[in-house]
Every structure is written in structure tokens, then in C-alpha cells.
Number of protein chains: 2
Amino acid sequence: MAHETEMEAPVCAESHQPASVEGPPLEIEESQQMAEFFGILADPTRLRLISLLSLSESCVCDLAEGLAISESAVSHQLRALRNARLVRYRKSGRQVFYRLHDHHVLSLYETVREHLQE
Amino acid sequence: MAHETEMEAPVCAESHQPASVEGPPLEIEESQQMAEFFGILADPTRLRLISLLSLSESCVCDLAEGLAISESAVSHQLRALRNARLVRYRKSGRQVFYRLHDHHVLSLYETVREHLQE
DNA sequence: CAAATATATGAGCGTATGTTCATGTATTAG
DNA sequence: CTAATACATGAACATACGCTCATATATTTG
């Protein structure tokens, strides 16, 4: 998006890499999927929901009470977690019980917690 | 907000914790720190930078060329990665060479990649 | 010295995101 | 049936974010 009147973009004189390697750079589309996923974890409310769900399966109203926020907010955030396949749910009467989907969630959660405590 | 058909949520016993690694619900302040950190990874450009840096130390202009984006954009994003202690850097003349800070970064990167391939 | 290079950064703009509020859909109680 | 409960969802508003552009700083070169 600039002003390259020459045929090649001016690169550093030193230290270049082979232009197209197989691995990196990460494909744009895959980077967007990963970014979207990390974005799901980039919210205090959703992380606190995950922390509660790491203890036990819970319904929406208990989650709302546990975090002292509205059930609407909880429901909105649970949808995000659902779409990212971070939580599962089962219906029981009027209630819907949520739980963590798999081990990856807690793995990420713990890794970041460790990183921040250095 | 609670109901009587099920037991009360087994959460939030109002006990105070040692502010280190304790159980749910996650403290608001810690949840914000973690969210901020995940937010750093929630961007396609930063993830692609990380993928490049997982290969080798690189200077800003090589990163910009590798991703075909402006050096300004790269520099802005590197600052974010720097503030989150995800990358280190060293100066060499006019150039600044960046590299990944520790193993946590790649660990998170790989975990999410696995998760998305299921 | 001045010019060129390599990077950093503040301002501004367009877009994405999280909340509240109002409403909709199921399910149960009376 | 109607009312109440539990949850989901669309709209709207305020905030946050990433980019471009212009400019600033530092280093090397002539």
C-alpha cells in the first residue's frame, strides 16, 4: 500500500529469510480462526464463567448469581462459549446445565495463569 | 435468582484467598489480567508475527515484508507483544531483532491449533 | 553537518465487542 | 387456560481495538 516505484520492495540489507516457507507465516484464514478463538477467552466474564464451570456443571441462573451479573449477560456469553465449542450443555426441564467441553480449555486457562504469575 | 428444585450453587463460599492460585470464582482483577493477555493473542496479525518468530529471530522490516503489511503496523503490534512479555528484543545498529520470550507462547499457540482441528 | 535508514508512537477513523433493555420461546405451576 | 420461571436473542449504546498517516527518535552514511 505504499510507494514502490521499483519492482521489489526495499528489504533490509541484512538478515532475510527464504520468502515462502511451508509452515510460517501462518495462513491468513487460519490466523483469523485462531484469533477468533483466543478472542473468546479474552473477556473477564467468560473467564470467570469458565472458572466456575471447572468446578461443576451449572445452570444459567446459578452462574449469574455466582458472578453477580445479569442472566442476560451470562446467556450472551455462554452463546459465545458454545459457538467456540468451549462448553457443552444439557437441558433439564426449564433449566440448561453447562459444563466445559474438553481439556483444552483448562489447559489454556492454566498455562496463562502460570505465565502471569512470573 | 436461585430456585429450589436443585441445590444451591456450590460456589462462592465468600472465603478470602491468598491471592495466588486459588479456586473459583476467579477474582475479577485476575480475570482482567488473563483476559488482557488472551486479547493479545486474539489478533491475526500478532499470531502471524508469532508464527514467524517461532522460526527465527527477525527484525521489524523482515517481519513487515514476511506478512506484507506496513512496518508501522508491525511496530504497533510488536509493542503489544512486548508489553505482554511475549517477545524479547535486542538492538543491533539501526535494527531491532525480536524473538519469542518463552515456551508458553508456543504452547498456547499449539494447543489452540489442535483444538481447532477437531 | 545533512540525508537516508530502521523503528517507535500519537492522532484519528472505521469497525468490533460487551453490556443493558426489551422481547421471544419453552416449560412448569395453579 | 393463565401466570411464572428459565433461558435466548435482537437492538442500541459506549467502549476498545487495529489500521493508516504523519511525525519523532536513533543510528549510519556521505
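Naming: A, B, ... by sequence-line order, numbering from 1 per chain.
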For residues 39-87 of chain A, the ring pair (Phe, Tyr, Trp, His ring centres under 6.0 Å) pairs (sequence neighbours left out) are none
End-to-end axis angle, where each axis spans five pairs of the helix from C:dC1-D:dG30 to C:dG30-D:dC1, to 10°: 10°
Residue pairs, two or more places apart or on separate chains, that pass salt bridge (Lys or Arg N to Asp or Glu O under 4.0 Å) and touch residues 75-87 of chain B: none
When you look at CD of A:Glu36, are more than 12 heavy atoms from neighbouring residues, nucleotides or ligands closer to it than 6.0 Å? no
Considering only residues two or more places apart or on different chains, which pairs with a residue in residues 99-118 of chain B satisfy ring pair (Phe, Tyr, Trp, His ring centres under 6.0 Å)? A:Phe37-B:His115, A:His104-B:His115, A:His115-B:His104
Under 4.0 Å, counting only non-hydrogen atoms across every strand here, what does A:Tyr89 touch: a base, just sugar-phosphate, or nothing? nothing
For nucleotides 24-27 of chain C, which of its nitrogen or oxygen atoms have a protein nitrogen or oxygen under 3.5 Å away, and what is each distance?
none

Can you name the side-chain hydrogen bond (donor to acceptor under 3.5 Å, both in side chains) partners of B:Arg48, sequence neighbours left out? none
Contacts of A:Ala42 that satisfy side chain to side chain contact (heavy atoms under 4.5 Å, CB included) - sequence neighbours left out: B:Phe38
Under the side chain to side chain contact (heavy atoms under 4.5 Å, CB included) test, which residues partner B:Arg99, sequence neighbours left out? B:Glu57, B:Arg88
Please list, chain by chain and in numerical order, all residues satisfying salt bridge (charged side-chain N to carboxylate O under 4.0 Å, His left out) with A:Glu30, sequence neighbours excluded. B:Arg113
Provide, to the nearest angstrom, the distance between the CD atom belonging to A:Glu65 and the P atom belonging to D:dT5. 15 Å
Who passes side chain to side chain contact (heavy atoms under 4.5 Å, CB included) against A:Val96, sequence neighbours left out? A:Tyr89, A:Lys91, A:Tyr98
List every contact pair, protein side and nucleotides 11-19 of chain D side both N or O, where the distance is under 3.5 Å.
{"unit_1": "D:dG18", "atom_1": "OP1", "unit_2": "B:Arg46", "atom_2": "NH1", "d": "3.1"}
{"unit_1": "D:dG18", "atom_1": "OP1", "unit_2": "B:Arg46", "atom_2": "NH2", "d": "2.3"}
{"unit_1": "D:dG18", "atom_1": "OP2", "unit_2": "B:Arg46", "atom_2": "NH1", "d": "3.4"}
{"unit_1": "D:dC19", "atom_1": "OP1", "unit_2": "B:Thr45", "atom_2": "OG1", "d": "2.7"}
{"unit_1": "D:dC19", "atom_1": "OP2", "unit_2": "B:Gln77", "atom_2": "NE2", "d": "2.3"}

Phosphate oxygens OP1/OP2 of D:dC7: is one of them under 4.0 Å from a side-chain N or O of A:Arg79? no
Using a cut-off of less than 4.0 Å, is there contact between a side-chain N or O of A:Ser75 and OP1 or OP2 of D:dA8? yes
Which of the following nucleotides, C:dA8, D:dA8, C:dG10, is nearest to the side chain of A:Val60? D:dA8
Identify, with sequence neighbours excluded, every residue that meets side chain to side chain contact (heavy atoms under 4.5 Å, CB included) alongside A:Gln32. A:Ile28, B:Pro44
OP1 or OP2 of C:dA8 under 4.0 Å from side-chain N/O of B:Tyr98: yes
